[in-house]
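Reading through the structure tokens given below for one structure.
Atoms considered below: every heavy atom in the structure, side chains included; atoms not considered: hydrogens, waters and symmetry mates. For the single chain, residues carry numbers from 1 onward in sequence order.
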Amino acid sequence: QSVKAPLFADSVDLFQDDMHDFGIARMFARVLVAETFWCVVLRFFLRVDGVCARVVETRYICPGHGFQVLRSHSWREGDWFTLTGQHTRQGMAG
């Protein structure tokens with residue numbers, strides 16, 4: 001069976017801020033529609049330079065042609081030094 005191209009796929013930026021050069025905050029949605037399912041991913045990404053990073057993501061998937069929608073939600077965050085593997089402030093590029 002051959003893999004078919006999606007009927008529709010797009011990404012939409014809903015919000016973006018450079019936080020006055022101290023990091024970035026961005027929220028966007030991705031949509032994918034195929035013959036047998038559709039999927040929407042809503043992601044919020046926050047990075048405060050030298051402090052922390054956070055990703056909050058919600059996925060909506062509708063398999064088949066029914067009315068059931070599955071939702072998956074994740075929240076990941078951590079301090080900057082643990083996430084980057086730099087455990088001292090001296091290791092951070094200026």
(message) Heavy-atom count check: over 12 atoms from other residues, nucleotides or ligands less than 6.0 Å from R59 CZ?
(response) no
(message) I'd like to check R54 versus W75 (side-chain heavy atoms, cut-off strictly below 4.5 Å). Are they in contact?
(response) yes
(request) State the OH-CH2 distance between Y60 and W38, to the nearest 0.5 angstrom. (result) 9.0 Å
(message) Using 0.5 Å steps for rounding, measure from the OG atom of S11 to the CG atom of L32.
(response) 11.5 Å
(request) Could you check if a side-chain atom of M27 sits within less than 4.5 angstrom of a side-chain atom of R43, using non-hydrogen atoms only? (result) no
(request) Could you grab the distance from atom CZ of F22 to atom CZ of R47, nearest 0.5 Å is fine? (result) 12.5 Å
(request) Would you indicate whether the side-chain heavy atoms of R30 and D10 approach each other to under 4.5 Å? (result) no
(request) Work out which heavy atom in D49 is nearest to a heavy atom in D21; give both atom names and the distance. (result) OD2-O, 3.9 Å
(request) Establish whether I24 and F15 are linked, either directly or via other cluster members, by ILVMFWY side-chain heavy-atom contacts under 4.5 Å. (result) no
(message) Whether R26 and D13 form a salt bridge (side-chain N of Lys/Arg under 4.0 Å from carboxylate O of Asp/Glu) is what I want to check.
(response) yes
(request) Indicate yes or no: at least one non-hydrogen side-chain atom of T58 is less than 4.5 angstrom from one of F44. (result) no
(message) Can you confirm whether E77 sits close enough to L46 that some side-chain heavy atom of one is under 4.5 Å from a side-chain heavy atom of the other?
(response) no
(request) For the pair L14 and F28, evaluate side-chain contact (heavy atoms from CB on, under 4.5 Å) and give the outcome as yes or no after the intermediate values. (result) CA-CA 5 Å; L14 301 173; F28 64 92; 5.5 Å; no
(request) Report yes if the side chains of V31 and V40 come closer than 4.5 Å at any heavy-atom pair, otherwise no. (result) yes
(request) Check whether any side-chain heavy atom of E57 lies under 4.5 Å from a side-chain heavy atom of L42, and answer yes or no. (result) no
(request) Could you tell me which non-hydrogen atom of P63 sits nearest to which non-hydrogen atom of I61, and how far apart they are? (result) CD-O, 3.5 Å
